[in-house]
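Here is the naming used below: chain letters follow the sequence lines, and residue numbers restart at 1 for every chain.
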Amino acid sequence: MSETVLLYESLRLMLIGMGIVFSFLLLLVGILRLMSWTALRLAPLPQTEPAALPAAPGSGDGVPIAVIAAAIARYRAGRRR
Amino acid sequence: MSETVLLYESLRLMLIGMGIVFSFLLLLVGILRLMSWTALRLAPLPQTEPAALPAAPGSGDGVPIAVIAAAIARYRAGRRR
Amino acid sequence: MSETVLLYESLRLMLIGMGIVFSFLLLLVGILRLMSWTALRLAPLPQTEPAALPAAPGSGDGVPIAVIAAAIARYRAGRRR
Amino acid sequence: MDQLLKLWQSMGIANMDIGQAMMMAVGCGLVYLAIAKKFEPLLLVPIGFGALLSNIPVAGIGGPDGMIGMIYTVGVETGIFPLLIFMGVGALTDFGALIARPSTLLLGAAAQFGIFATLIGAVGLNFVPGFDFSLQDAAAIAIIGGADGPTAIFLGSRLAPELLGAIAVAAYSYMALVPIIQPPIMRALTTAKERRVVMQQLRPVSQLERILFPFVVLMLTALLLPSAAPLIGMLTFGNLLRECGVVERLSRAAQNEIINIVTIMLGLAIGSKLSADKFLALETLGILVLGALAFCIGTACGVLMGKIMHRATGGKVNPLIGAAGVSAVPMAARVVNRVGLEEDHHNFLLMHAMGPNVAGVIGSAVAAGVLLALTGP
Amino acid sequence: MDQLLKLWQSMGIANMDIGQAMMMAVGCGLVYLAIAKKFEPLLLVPIGFGALLSNIPVAGIGGPDGMIGMIYTVGVETGIFPLLIFMGVGALTDFGALIARPSTLLLGAAAQFGIFATLIGAVGLNFVPGFDFSLQDAAAIAIIGGADGPTAIFLGSRLAPELLGAIAVAAYSYMALVPIIQPPIMRALTTAKERRVVMQQLRPVSQLERILFPFVVLMLTALLLPSAAPLIGMLTFGNLLRECGVVERLSRAAQNEIINIVTIMLGLAIGSKLSADKFLALETLGILVLGALAFCIGTACGVLMGKIMHRATGGKVNPLIGAAGVSAVPMAARVVNRVGLEEDHHNFLLMHAMGPNVAGVIGSAVAAGVLLALTGP
Amino acid sequence: MDQLLKLWQSMGIANMDIGQAMMMAVGCGLVYLAIAKKFEPLLLVPIGFGALLSNIPVAGIGGPDGMIGMIYTVGVETGIFPLLIFMGVGALTDFGALIARPSTLLLGAAAQFGIFATLIGAVGLNFVPGFDFSLQDAAAIAIIGGADGPTAIFLGSRLAPELLGAIAVAAYSYMALVPIIQPPIMRALTTAKERRVVMQQLRPVSQLERILFPFVVLMLTALLLPSAAPLIGMLTFGNLLRECGVVERLSRAAQNEIINIVTIMLGLAIGSKLSADKFLALETLGILVLGALAFCIGTACGVLMGKIMHRATGGKVNPLIGAAGVSAVPMAARVVNRVGLEEDHHNFLLMHAMGPNVAGVIGSAVAAGVLLALTGP
Ligand code: NA
Ligand code: NA
Ligand code: NA
């Protein structure tokens, strides 16, 4: 193969290649969103619990504690177990 | 081999096979008993010590403690080191 | 090869062999000394610090402490980190 | 255009056949069982994922030039991986309960009847159109009843490599199902009074006995059944490393590094044998049915032998512990403990069931040796 | 006399050619960079020492009968070592940030432009007398821009084994130079206001999402790009071991024992490819220049895509995180964090940069698959 | 009947010959020495059990299709296992005492005279009817005097594989006997005054010296004695991993995982060379006698060189430390310490003996290189 043919070849490779990489990862973005949507329907995160928490203890100054607890739960759920 | 011959073959295999497994393990039972008998002659378990213990401290209420100590020694010797 | 030839052969092997082992390790002694000399020029040991230490605190009874500190530094540097 | 066509032809969807798609689903299913149902996850996660990887079209990961295919050749075809795992099992197993009460070996022997009954079942299936098991195939299938993963894989890779995938999956699946399969059989075959028997405390075992044990077992195997010597040899070697007390480093290596690394490799390699043409066949259905049968018969025979020993000892033996003779260490022993506790909340049978449980490991290795000697190449 | 002559002829100095001496110096230089400059020491210490050992005259340690030569044949020629390392990378990587914000995959995609631009650069070098890269050589060189060691080694060993030494050294050297190469490019392409963007806290990710993630990625790869399946397959397998929560033993083995042992072997084996006739050639100079170029272009494209996303989201995305799309985990993400902190001392971008960072790993594995499918044998 | 006959013929007792029975006893004896007498248990337990397994009739575990036979082919025939162990030894060894006082290398050199004297002894045995050692056999036997297991196995597998079993067993047995063999020789050759010499505190050693040390040793080997390069190369590589301080993960892998796994495999593989026709021969008796001789001569020469250094330095060197020059790390150094304490309860020679002790490791690797270069294939 002469240098020019090879260069032309590699240009085509670049276009096709970047095209595939982008399409592939774009598709993956969509599928991952779908996955997360489904997964969170099937098994909601435990951070929904804090929403129920404030109702339980009742009195006024329980609220900030509950909010902090919810924040901590959220934060910890966000990190790895 | 026709199916019937094979079935006959496998029946014989079952008889011989179970025979060997049973004989082998039965023999092993005997040899293991012999082994334990010999091993305990050669190197008796440390639980013989507690038998000597009560004699040492002398007084009456030392006995239950010695018995408990012996039981513990026995129990710990029974578990893995 | 007859036994005698082999014996003669092995005698020569012994002489050459011990010669090489000794020359090799003797050479290594020299090179290691050179290495240490160079290495300690390039990166002096931290035990030079204690030499500067006594100047800092000033007063008389600071000296023995500095000496001990230097000795400890020396000793610890001599061991693996 | 040419390159786009080349690209399309290199895509998975252009090359995937229905069989591969189904086997990828099977792989996912195995991983699901392993994670969600805790079915022997240490093996079924790698096996399932191995099936997934090996059935990806075009990639050929399980083929002769693929990574998993090469691992199979080196580790499973040679028999080295299951033997190394057996070494680890030996290093992890405490044979004390068996040494203290050697008669429980008979329970381990009785439970192996499941193996030989299944052998007849497998050969009998040949009368059904569509089945054509050789005697070697039948022997490899029967060993599922031994409830011992490495033994099943070792024998399967020797006698019927093309059935290995189905055999390994069946073996580990049923081992995971022990807590479901065994209790009804145990309850059906015993009376409440028998299940309430409180057994005598086990005697302590000396270190010398523990050190001599591997040699005694290996010597008997060497003299009488050398075809079982690789399995029993590595089991006793691992156990000696554990018990001798002077090679702590090597014992830890056998219990951790080696067994963990080999488990990953072995799982992936076995997964590569889950191919559509071998697995999506009538044979697999037969293997699954026979495997379940083998487990049930093995459990039943163990319990029945337990009843015999119960009578022979004047009621000193709780027949439930016979069920642990199928091996599946330590799950079967735990099941015995649980069923015992159902009748009497203070009757802990766990230690008593460990004897027959580890006896079952030796029993199925012996049975594998017999099958190898009598049907092997 | 005869024996003394034999001895002299067996000596290294009697057999050493200038090329070997220079390559031993190169080996020492790599170890120096690794120790004194902390250039990816885990790889460059074994690679450098492997080069040293393999260039010792007469000994033939890197040759077909030598230890390192045999390790190369078994582990690198088969592709098994880089795949096992990729399994370990999967087991060590937390993909949570990517799952929480999948759009960062586009940053990982953009950064791969460095790979394809370099491909053209490598082919273009053929116009310079003395260069004669085939398309496969060019593809193997280009993957340096992926900033991913195991991927580069895997592709290099498939497409251009004779260039593997230079490619691996360039890949790891530039990965080590990330903190020096990237910041000027990042500053040049962004405004101070863009660099000060504070991003929204990442949402928490459930365990189910983490478990499904490897399957989703692998499935798409299997369907569309099976040539990337070995790499993506082992990466996702390692990640599943980590996330599934039921195989802690295996996860630890993948993260420690396996990756450590394989790293030592892989490093030595790659070092054996640093021979004078391959490395002390004009090509190596070309590879080093192209590698640097690839890194710069990849970084720039990542940042530019970051700017596009910045506009598209109405200013929610800090374009700096695009630079992390080249992979080089976790160094590139740390560099992003550092450059971000320069503008605003309270703006920690680390977690936000982890998404594109791990996306870059997937992106370069995909790019490797594309190159393998389109130029492979 | 036919099947029963087949079964009988498959039994061990029907096939066992007297040689196998005796070798199984030898294997048990080695394990006994390892456990009860603490004779280098890390090696002798696997070697002994390997002998046991490999001599089981019919099973063929040590044969070409057996597990241990395959491990031998892959790990010992290639020389890879002893080299990996040597890497671990390097990673476990602190060469600080040697760097602080390089002159102790001469003690390590002198102790190698045991090797070359034994060489003549082995060749001399050919005058006794029944012995027929080639020069290569003699060289492989002589290396026992190096008191270094991996070096002996490496050279044995290169020069005289059929004698490897006996050589390895002799090497490790005598290393275990160091506390019994050495003290009388040390006391006989030194005066009480000499034994009481208190040596000067060792100077501290900088990290740079520690990092340069492996390169210096390897370079000299590469230039002068490349046949020793595999051994010295892996030793120094392991030591560099330890000392460079930036690859903690790899250093730990070399010191633990790799050396433990390889030790198990190597031991089993060497055990498989303990077969009746090779081991139950007059040669083995000769090897055992010569091995003991080699140790004694090596110890004596080390002490004599110690006395020379004692005089040359005006009494600064305690000649006892010369005995540590045989290697057998760290046992020989401990023996020196003990004999020194016998004379003066406050004179701890341990650190001073570590210099010649590790010098002995280098010395015997150098001697192995010489033997390989001058008698090798
Ligand atoms: Na069983
Ligand atoms: Na990348
Ligand atoms: Na030595």
May I ask you to test the B/Leu15-D/Phe116 pair for a side-chain heavy-atom distance under 4.5 Å? no

Would you call B/Phe22 and D/Gln112 a side-chain contact if the rule is heavy atoms closer than 4.5 Å? no

Are any non-hydrogen side-chain atoms of D/Glu209 and B/Trp37 less than 4.5 angstrom apart? no

Which atoms of B/Thr38 are under 4.5 Å from chain D, going by heavy atoms: the side chain, the backbone, both sets, or neither? neither

Heavy atoms only: give me the nearest D/Val370-B/Gly17 pair and the separation to one decimal. CG1-CA, 3.7 Å

Would you say the side chain of D/Leu224 lies within less than 4.5 Å of the side chain of B/Leu27, judging by non-hydrogen atoms? yes

In Å, rounded to the nearest 0.5 Å, how long is the span from CZ of B/Arg33 to CD1 of D/Ile99? 13.5 Å

Does any non-hydrogen side-chain atom of B/Leu32 lie less than 4.5 Å from one of D/Leu105? yes

Validation row: D/Phe133, B/Leu6 side chains within 4.5 angstrom (heavy atoms): no

Rounded to the nearest 0.5 Å, what separation is found between the CG atom of D/Leu119 and the CD atom of B/Glu9? 10.0 Å

Is it the backbone or the side chain of D/Thr104 that comes under 4.5 Å from a heavy atom of chain B, or both, or neither? neither

Euclidean distance, D/Leu225 CG relative to B/Phe24 CZ, rounded to 0.5 Å: 6.0 Å

Would B/Leu40 and D/Arg203 satisfy side chain to side chain contact (heavy atoms under 4.5 Å, CB included), going step by step from the backbone distance to the final call? CA-CA 12 Å; B/Leu40 293 174; D/Arg203 71 168 177 87; 3.9 Å; yes

Reported CG-to-CE distance for the pair D/Leu212 and B/Met35, which is rounded to 0.5 angstrom: 5.5 Å

With a 4.5 Å heavy-atom cut-off, do D/Pro102 and B/Leu28 have their side chains touching? no

Closest heavy-atom pair, D/Leu135 versus B/Ser10, reported as atoms and distance to 0.1 Å, is CD1-CB, 4.0 Å

Near D/Phe127 CZ, under 6.0 Å, is it more than 12 heavy atoms from other residues, nucleotides or ligands? yes

Which atoms of D/Ala138 approach chain B - backbone, side chain, both or neither, heavy atom under 4.5 Å: neither

Between D/Ala97 and chain B, which part of the residue has a heavy atom less than 4.5 Å away: side chain, backbone, both or neither? neither

CG of D/Leu208 to OG of B/Ser36, rounded to nearest 0.5 Å, is 9.5 Å

Atom CG of D/Asn126 and atom CG of B/Leu7: how far apart are they, to the nearest 0.5 Å? 9.0 Å

